[in-house]
Engineer: 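Can you keep this structure in mind? I'll have questions shortly.
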Amino acid sequence: MPPVPPPDSPSPAPRSSAVARRTVLGAVAAAAASAPLMTGLAAPASAAPASASPASVRPRALSGGGDLGPNVLVFDPGTANIQATLDDIFHRQEAAQFGTGRYALLFKPGTYSGLNAQIGFCTSIAGLGLSPDDTTINGDVTVDAGWANGNATQNFWRSAENLALVPVNGTNRWAVAQAAPFRRMHVRGGLNLAPSGYGWASGGYIADCRIDGQVGPYSQQQWYTRDSAIGGWVNAVWNMVFSGVQGAPAQSFPNPPYTTLDTTPISREKPFLYLNGSEFRVFLPEKRTNARGVTWGNGTPRGTSLSLSQFYVAKPGVSAATLNQALAQGLHLLLTPGIYHVDQPLQVNRDNTVVLGLGYATIVPDNGVTALRVADVDGVRLAGFLIDAGPVNSRTLLEVGPSGASRDHSANPTTVQDVFVRVGGAGAGKATTSMVINSRNTVVDHTWVWRADHGTGVGWDTNRADYGVVVNGDDVLCTGLFVEHFNKYDVQWLGQRGRTIFFQNEKAYDAPNQAAVQDGNVKGYAAYKVAGNVTSHEAWGLGSYCNYTADPGIVQHHGFAAPNTAGVKFHDVLVVSLGGNGQYEHVINEVGAPTSGTSTTPSTVVAYP
């Protein structure tokens with residue numbers, strides 16, 4: 001879509017309507033090598049994983065703690081050649097969209113000067129203090145799109161957390177797309193979310209951040225900001241959503257398209273690694289209701305912490321059986337950067353278990369198993385990892401709660417944060433349903449569930465994936481829900497009293513014809529469908545786009561489908577045809593004007609019913 005630049009910025013060059021929003025850039029997407037660069041800081045010593053033993057012999061107990069492996073790089077202000085190390089990692093990861101490299105860059109509390117940490121694929125950067133202000137970089141943490149000729153719509157799978165930045169020129173650039181969270185950051189200046197030259201950019205996520213200056217999204221198509229404080233917001237293109245943000249623009253959708261909620265109904269920030277003296281610990285922020293602003297502004301944040309000795313520190317190559325043994329012993333899991341193949345589901349059965357990934361640790365299910373399952377228990381925290389579908393079809397990839405789960409978890413919900421799912425792209429992958437939420441009161445806080453439209457192993461049936469997210473549990477809340485390109489419904493919601501704040505979607509580019517997406521008598525599967533028996537549901541700030549490049553004549557009857565009842569409410573909803581590649585007849589049910597032509601102009605509905 002044509003981005004909307006600020007009045008004094010250059011306009012980006014027009015794009016041919018035949019070009020997909022995410023152009024496949026095969027020449028620059030070659031995987032970079034993942035050789036280790038330096039050893040991570042050691043934590044408490046641990047025993048090696050238990051070796052195989054006869055069935056009659058009980059496996060020896062696993063120990064918690066241990067070093068964080070070669071791809072966790074820990075810096076302090078006295079570390080030599082920090083910039084050279086950062087540059088080397090970026091060189092490896094800049095264009096490695098589907099590569100095997102995984103890195104976490106961790107900075108001990110202190111002040112660092114003269115750095116520009118450019119962040120590439122599958123790379124995380126974070127401070128190791130309890131507060132972002134404990135770790136200050138006089139410099140920048142940068143994402144741009146030089147590798148893609150100024151197109152930022154593929155800047156996925158990277159993150160920045162728990163740092164204070166003093167940008168060199170007063171404004172930090174973070175030009176990202178999906179699965180690239182900016183969490184718990186303090187920018188002592190402004191934040192620019194567009195690439196150099198104001199090229200294409202497709203939307204992202206900010207939470208628990210303080211931006212002293214203005215945030216300029218410029219060409220970003222949509223964005224969600226939660227529980228933060230900002231000095232101002234410059235412009236909007238299609239869909240800018242705020243909840244609990246001090247300094248957010250007033251509600252004004254669709255002109256300009258700002259959706260603003262004063263508070264976030266329920267939030268609990270993501271767990272994070274920090275140093276207590278020389279000891280690694282994991283901080284677990286407490287749950288907030290009707291939240292507004294940052295959690296860390298007035299001294300020590302509220303919550304509890306766990307010693308790393310209470311975690312099984314996993315390294316790539318460990319078996320699923322060993323990981324499950326650790327969980328059964330009562331250890332939490334810390335997945336260090338790398339790729340983990342599992343031949344049985346990881347099974348989380350204990351209340352308050354933490355599964356935390358570093359550096360985009362990636363779980364790949366083999367032989368069609370489910371990657372991870374959670375029992376119907378309280379307070380599980382899943383955070384910071386990627387699930388990559390395997391070549392044998394999995395019925396599901398992530399299950400939160402078993403089928404029929406019914407316990408009330410309102411006092412201590414399970415949270416799913418920065419857990420991303422990918423079907424295809426890195427290789428052939430298949431899954432009937434990617435993410436299933438069965439447990440009541442679950443909070444899904446920022447996910448991107450993606451059936452790949454480019455990369456390796458991509459085709460209508462090659463990376464077949466019918467359903468993205470299915471919500472069966474009651475009282476589930478999603479804040480920052482990104483789900484794209486599934487063969488049928490991207491989101492199906494069957495539970496009562498569900499809520500979504502911000503939803504971003506594209507329909508599958510590669511549908512071969514109208515018949516392939518026919519939903520009975522309805523033209524096209526809705527992007528977000530609330531089941532007919534649901535009597536209470538509410539959602540704010542939702543967008544669905546079609547870009548049917550394989551058959552531009554495909555018609556979607558609507559982007560959203562829901563029961564026509566007073567208890568089911570939608571606010572600020574839009575659909576867009578990208579350059580005329582497919583059209584919508586309505587926005588939600590039979591309501592909303594059709595899209596038309598190649599103008600890439602949204603059709604909007606402010607309130608439904």
Engineer: Using the test ring pair (Phe, Tyr, Trp, His ring centres under 6.0 Å), find all partners of F121 that sit at least two apart in sequence or belong to another chain.
Structural biologist: W147

Engineer: List the residues meeting salt bridge (Lys or Arg N to Asp or Glu O under 4.0 Å) with K507, not counting sequence neighbours, and say none if there are none.
Structural biologist: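 For K507 the salt bridge (Lys or Arg N to Asp or Glu O under 4.0 Å) partners, ignoring immediate neighbours, are D490.
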
Engineer: Just by distance, with hydrogens left out, do W157 and Q97 show a side-chain donor and acceptor under 3.5 Å apart?
Structural biologist: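 No, Q97 and W157 have no side-chain donor paired with an acceptor closer than 3.5 Å.
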
Engineer: Can you pull out every salt bridge (Lys or Arg N to Asp or Glu O under 4.0 Å) where at least one residue sits in residues 424-447? Sequence neighbours excluded, please.
Structural biologist: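 Pairs touching residues 424-447 that pass the test: R183-D445, R226-D445, R440-D475.
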
Engineer: Using distance alone, with no hydrogens and no angle criterion, decide if Q221 and Y545 have a side-chain donor and acceptor under 3.5 Å apart.
Structural biologist: no

Engineer: Does H557 have any side-chain contact (heavy atoms from CB on, under 4.5 Å) partners at least two apart in sequence or in another chain, and if so, which?
Structural biologist: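 Only V522, K523, E585, H586, E590 meet the side-chain contact (heavy atoms from CB on, under 4.5 Å) criterion with H557.
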
Engineer: Side chains of N547 and T549: is there a donor and an acceptor less than 3.5 Å apart?
Structural biologist: no

Engineer: What residues, two or more places apart in sequence or in another chain, satisfy side-chain hydrogen bond (donor to acceptor under 3.5 Å, both in side chains) together with S394?
Structural biologist: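 In terms of side-chain hydrogen bond (donor to acceptor under 3.5 Å, both in side chains), with neighbours along the sequence ignored, S394 is linked to no residue.
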
Engineer: Side chains of F385 and V419: does their closest heavy-atom pair fall under 4.5 Å?
Structural biologist: yes

Engineer: Not counting sequence neighbours, which residues clear side-chain contact (heavy atoms from CB on, under 4.5 Å) with A516? List them please.
Structural biologist: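 side-chain contact (heavy atoms from CB on, under 4.5 Å) list for A516, sorted by chain: W460, P512, N513.
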
Engineer: If we count only N and O atoms by modelled type, under 3.5 Å, do the side chains of D144 and S196 hold a donor and an acceptor together?
Structural biologist: yes

Engineer: According to ring pair (Phe, Tyr, Trp, His ring centres under 6.0 Å), who are the partners of F502, at least two apart in sequence or on a separate chain?
Structural biologist: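 Ring pair (Phe, Tyr, Trp, His ring centres under 6.0 Å) check on F502 returns Y224, F482.
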
Engineer: Mind checking what makes side-chain hydrogen bond (donor to acceptor under 3.5 Å, both in side chains) contact with T415, not counting sequence neighbours?
Structural biologist: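 T415 satisfies side-chain hydrogen bond (donor to acceptor under 3.5 Å, both in side chains) with R268 once adjacent residues are dropped.
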
Engineer: Taking atom types as modelled, is there a side-chain donor on E269 or Q417 under 3.5 Å from an acceptor on the other?
Structural biologist: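 No pair is found: no donor N or O on one side chain lies under 3.5 Å from an acceptor on the other.
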
Engineer: Is the closest side-chain donor-acceptor distance between T535 and Q496 under 3.5 Å?
Structural biologist: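 Present: a donor and an acceptor within the cut-off.
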
Engineer: Tell me which pairs pass ring-ring contact (aromatic ring centres under 6.0 Å, His included) where either residue lies in residues 587-609, with sequence neighbours left out.
Structural biologist: none

Engineer: Going by atom types alone, do T595 and S577 pair a side-chain donor with an acceptor below 3.5 Å?
Structural biologist: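 There is no such pair between these side chains.
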
Engineer: K488: what forms a side-chain contact (heavy atoms from CB on, under 4.5 Å) with it, not counting sequence neighbours?
Structural biologist: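 For K488, the residues satisfying side-chain contact (heavy atoms from CB on, under 4.5 Å) (neighbours in sequence not counted) are R464, D466, Y467, Y525.
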
Engineer: Going by side-chain contact (heavy atoms from CB on, under 4.5 Å), name the residues that satisfy it together with H537, two or more places apart in sequence or in a different chain.
Structural biologist: W493, Y528, V530, V534, A539, V568, F570

Engineer: Check step by step if ring pair (Phe, Tyr, Trp, His ring centres under 6.0 Å) holds for Y509 and H485.
Structural biologist: CA-CA 7 Å; Y509 291 177; H485 306 153; 4.9 Å; yes

Engineer: Which residues satisfy the ring pair (Phe, Tyr, Trp, His ring centres under 6.0 Å) test with F182, sequence neighbours excluded?
Structural biologist: W174

Engineer: Could you tell me whether the side chains of N239 and Y258 share a donor-acceptor contact shorter than 3.5 Å?
Structural biologist: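 Result is no, nothing qualifies.
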
Engineer: Between R102 and T362, do the side chains contain an N or O donor and an N or O acceptor separated by less than 3.5 Å?
Structural biologist: yes

